[in-house]
Amino acid sequence: MNAALKEKLTTLPVQAGVYFHKDATGQIIYVGKAAVLKNRVRQYFQASRRRDPKTEALIAEIADTDWVTVESELDALFLEAEMVRRYMPRYNILLRDDKSSLYVRINYNDAHPTISFTHRPLDDKAQYFGPFFNGGEVKRALRHLRKVFPYSTHSATTIPKRACLQYHLGLCPGLEEHKTSLTEYRANLRKLMQFLRGERQKLVDRMQHDMLAAAKKQQFERAAELRNQFYALKALSKQIVFSDTEFLDISKDRGLQGLADLLGMRKVPQRIEGYDISHMQGTDNVASMVVFTNGIPDKAAYRKFKMRLPGNNDFAHMNEALSRRLSVKNVKEWGLPDIFLIDGGKGQLAAAIEARDNAGIDRPMIGLAKREEEIVVHIAKSGVVPSQIAMQQHGCVVRQSDDFMLLLLPKSSDIVKLLQRVRDESHRFAVSYHSVLKGKRQTASLLDTIEGVGPVTRKKLIKSFGSLQGVKQATQEELAALLGPKKAKSLFDQLH
């Protein structure tokens, strides 16, 4: 350990946080979390500790360590997950083997909402929270939260006929015997989801307001329930609390700070919006809008657009997507980002800038070209003035093409990793929506060719059997139970 690092470690705080080990070039090689930063980080440099070879190799490369303090262990857990996902430090990959990240899934709109865990979030209208790389700790956190916000864990096929043991322990709402109404249960889930989104203080304030309002209306039983939940929540916050970006000092985020310095922005961008287009040979055209707040995905703010313009024209579709996003109604409801990131090169960025200017909006807008991962800036219209000093500091290669400036940073740059993270998420979201539309169209087109199957029957079939393949595999008796013998025979004969 060098003298500068040894001196720096004496300033480690006794708070929870995330630490960043860096090599001699300043590249982040490992990201970790700690309940107490002072204790955890110092353990790496204790000669008496026995370590496996991979950890020894990591420690041999550590030339510097940085950290960010947060309010609780789970704040650190969430932030660690996002930083590993963004920077992909090589020792995180080596030391974690091939474990997948974990998401918390809440199917809020179902008739029997449940909470479960999954490694693969889907566009199935459920709410997802994550990803988390420490699944065991997240599951323990949900067990604590369940004492404050009782929830069901039964799947659609395991719903019991009577109230389960968990209900009698105060952990389940008891929907099976109508111990709690669906309306009340969903209201409770909204509180839990608000807590998972990190809106702790808003939730506490709202519960206190509702408790006082119920008491004022002499609804004493309701007031007592809210009081018990309120104090349970307050007590819980001292033990285990979910991540909340509002407590994060984003100026310590190397990617965000570097982006602001590079582009000459007056402040670090708190909200970044990313856009991408997806289609298949000009069909099922869609656009995605993803939102990163303080460098972390804000999935509740994601939006998707089904394109109205036909054909294969990425430039026109990008212009349409930005025009619709920047309508007066949407600007009022969604606000505006600190910077727009367009997936594509000069053509896509020019189309997006045209839509922005037509809407009379004054916000920075840049592109990220896939081929070389170049940051694309319109010299006159992007709304940023790249800093010569920052470009030199970050090893940026600059070239000019027509009215555009193309900035090529090293692939290891924190700025590039941040922008890639936003770009890749917008691409994933666009492709998943495109796949949904494509699947629906293909299913609908085949059933449309079958005599006697109209929109109502088609919807009924897909709802009952799940997919076109499910309809094909259904027996004539199963179809008859749904459609009647005559129509079932006709459908069965035509399918087979």
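Counting begins at 1 with the first residue of the sequence.
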Checklist entry - Which residues pass the side chain to side chain contact (heavy atoms under 4.5 Å, CB included) test with Leu409, sequence neighbours left out? => result Leu262, Ile375, His394, Cys396, Ser413, Ile415, Val416
Checklist entry - Within the side chain of Ser387, is there an N or O that forms a donor-acceptor pair under 3.5 Å with the backbone of Ala390? => result yes
Checklist outcome for this item: Sequence neighbours excluded, the answer for side-chain hydrogen bond (donor to acceptor under 3.5 Å, both in side chains) partners of Thr25 is Asp23
Checklist outcome for this item: Arg105 meets the salt bridge (charged side-chain N to carboxylate O under 4.0 Å, His left out) criterion, sequence neighbours left out, with Asp124
Checklist entry - In this structure, which one of Asp362, Leu326, Asn330 forms a side chain to side chain contact (heavy atoms under 4.5 Å, CB included) with Leu336? => result Leu326
Next on the checklist: Under a 3.5 Å distance rule, please check whether Asn107 uses its side chain to pair with a backbone N or O of Thr114 as donor and acceptor.
Outcome noted: yes
Next on the checklist: I need the single residue from Arg423, Lys346, Arg399 that forms a salt bridge (charged side-chain N to carboxylate O under 4.0 Å, His left out) with Glu374. Which is it?
Outcome noted: Arg399
Item to check | Minimum-distance pair of heavy atoms, taken over all atoms of Tyr128 and Leu122 | outcome: CE1-O, 3.2 Å
Checklist entry - Do Arg271 and Glu273 meet the salt-bridge criterion of a basic N to acidic O distance under 4.0 Å? => result yes
Checklist entry - What is the minimum heavy-atom distance between Ile339 and Met365, and which atoms define it? => result CG1-N, 4.5 Å
Checklist entry - Where do Tyr44 and Tyr19 come nearest, in terms of heavy atoms and distance? => result OH-OH, 2.6 Å
Checklist entry - Where the side chain of Asn358 meets the backbone of Glu354, is there a donor-acceptor pair that is under 3.5 Å apart? => result yes
Next on the checklist: Applying salt bridge (charged side-chain N to carboxylate O under 4.0 Å, His left out), can you list everything that pairs with Asp343, at least two apart in sequence or on another chain?
Outcome noted: Lys370
Checklist entry - For Lys8, what residues pass the salt bridge (charged side-chain N to carboxylate O under 4.0 Å, His left out) criterion, not counting sequence neighbours? => result Asp64
Checklist entry - Any donor and acceptor pair, going by atom type alone, linking the side chain of Ser382 with main-chain N or O of Ile366 inside 3.5 Å? => result no
Checklist entry - Are the side chain of Thr153 and the backbone N or O of Ile115 linked by a donor-acceptor pair below 3.5 Å? => result no
Checklist entry - Where is the tightest heavy-atom contact between Asn2 and Leu5, given as atom of each residue plus distance? => result OD1-N, 2.6 Å
Item to check | Polar side-chain atom of Tyr185 near backbone of Pro113 as donor-acceptor pair, under 3.5 Å | outcome: yes
Checklist outcome for this item: Between the CG atom in Leu322 and the NE2 atom in His317, the distance rounded to the nearest 0.5 Å is 13.5 Å
Next on the checklist: Using a 3.5 Å distance criterion without hydrogens, assess whether the side chain of Arg186 forms a donor-acceptor pair with backbone atoms of Asn109.
Outcome noted: yes
Next on the checklist: Test of understanding: with salt bridge (charged side-chain N to carboxylate O under 4.0 Å, His left out), list the residues that count as partners of Asp338, not counting sequence neighbours.
Outcome noted: Lys267
Next on the checklist: Less than 4.5 Å apart, side chain to side chain, heavy atoms only: is that true for Thr65 and Lys22?
Outcome noted: no
Checklist outcome for this item: The side chain to side chain contact (heavy atoms under 4.5 Å, CB included) partner of Lys381 among Leu349, Asp403, Ile353 is Ile353
Item to check | For Gln166, side chain to side chain contact (heavy atoms under 4.5 Å, CB included) partners two or more places apart | outcome: Arg146, Cys164, Leu169, Leu171, Cys172
Next on the checklist: Suppose we screen for side-chain hydrogen bond (donor to acceptor under 3.5 Å, both in side chains). Which residues come up paired with Arg363, at least two apart in sequence or across chains?
Outcome noted: none
Item to check | All side-chain hydrogen bond (donor to acceptor under 3.5 Å, both in side chains) counterparts of Tyr151, not counting sequence neighbours | outcome: none
Next on the checklist: We want to know whether Tyr275 and Gln348 form a side-chain donor-acceptor pair, criterion being a heavy-atom distance below 3.5 angstrom.
Outcome noted: no
Next on the checklist: What I'd like to find out is whether the side chain of Arg356 reaches to under 4.5 Å of the side chain of Arg325, using heavy atoms alone.
Outcome noted: no
Item to check | Closest non-hydrogen atom pair between Arg303 and Phe429, with its separation | outcome: O-CE2, 3.4 Å
Item to check | Non-neighbouring partners of Lys304 that pass side-chain hydrogen bond (donor to acceptor under 3.5 Å, both in side chains), sequence neighbours left out | outcome: none
Checklist entry - Would you call Pro297 and Phe292 a side-chain contact if the rule is heavy atoms closer than 4.5 Å? => result yes
Checklist entry - So does Lys411 have more than 12 non-hydrogen atoms from other groups sitting under 6.0 Å from NZ? => result yes
Item to check | Side-chain (Lys306) to main-chain (Val286) donor-acceptor, under 3.5 angstrom | outcome: no
Item to check | Any Lys125 side-chain heavy atom under 4.5 Å of Tyr108 side chain | outcome: no
Item to check | Listed partners of Phe305 passing ring pair (Phe, Tyr, Trp, His ring centres under 6.0 Å), at least two apart | outcome: none
Item to check | Side-chain heavy-atom pair His21, Ile28 within 4.5 angstrom cut-off | outcome: no
Checklist entry - Have Asn188 and Glu184 got a donor and an acceptor in their side chains that come within less than 3.5 Å? => result no
Checklist entry - Which heavy-atom pair separates Ile379 from Met405 by the least distance, and what is that distance? => result CG1-N, 3.9 Å
Next on the checklist: Measuring only between side-chain heavy atoms, which start at C-beta, is Val36 closer than 4.5 Å to Gln15?
Outcome noted: no
Item to check | Side chains of Met391 and Pro386 in contact at under 4.5 Å (non-hydrogen atoms) | outcome: yes
Next on the checklist: My understanding is that only residues two or more places apart in sequence, or in another chain, count here; which of them pass ring pair (Phe, Tyr, Trp, His ring centres under 6.0 Å) with His427?
Outcome noted: none
Item to check | Contact check, side chains of Ile29 and Leu58, non-hydrogen atoms, under 4.5 Å | outcome: yes
